[in-house]
Peer 1: 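Sharing a structure here in structure tokens format.
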Amino acid sequence: MKKDVFTLLGGFLTALLFFFGTVGISFDWFTTESINAFVIVISAFAALVVNIYAVWKNTHFLQGLKAWLKSSEAKKQNK
């Protein structure tokens, strides 16, 4: 699914490039190569964000789970 979203983003930017060309607006830096490079950078950034979130969540979740297990064992021993 992620690949499809980035393909759609690239298609939209390419259509925007052709639209600007049709109405006579041109940018030297807005080319097919720059669009492809932008899509690659955005997809890599999205993967980085997802992975950082997964590592952060797993780290904090496991620490919280260990603390909860210790406290629940302590409560069982006190009864």
Peer 1: Is there a continuous path of hydrophobic side-chain contacts, each under 4.5 Å between heavy atoms, that joins Phe6 to Phe38?
Peer 2: yes
Peer 1: Could you tell me whether the side chain of Leu13 reaches within less than 4.5 Å of the side chain of Leu17, counting heavy atoms only?
Peer 2: no
Peer 1: Can you get from Tyr53 to Val5 by hopping between Ile, Leu, Val, Met, Phe, Trp and Tyr side chains that sit under 4.5 Å apart?
Peer 2: no
Peer 1: At what distance, to the nearest 0.5 angstrom, does CG of Leu16 lie from CD1 of Ile25?
Peer 2: 9.5 Å
Peer 1: With rounding to the nearest 0.5 Å, note down the distance linking CG in Leu9 to CG in Asp4.
Peer 2: 12.5 Å
Peer 1: What pairs with Trp68 under side chain to side chain donor-acceptor pair (under 3.5 Å), at least two apart in sequence or on another chain?
Peer 2: none
Peer 1: Within the 4.5 Å heavy-atom criterion, are Phe30 and Ile35 side-chain neighbours or not?
Peer 2: yes
Peer 1: Out of curiosity, does Phe12 fall in the hydrophobic cluster containing Phe19 (side-chain heavy atoms, cut-off under 4.5 Å, transitive links)?
Peer 2: yes
Peer 1: Go through the structure and list residues passing ring pair (Phe, Tyr, Trp, His ring centres under 6.0 Å) with Phe27, not counting sequence neighbours.
Peer 2: Phe20, Trp29
Peer 1: As an exercise, state the distance from CH2 of Trp56 to OG1 of Thr59, rounded to the nearest 0.5 Å.
Peer 2: 10.0 Å
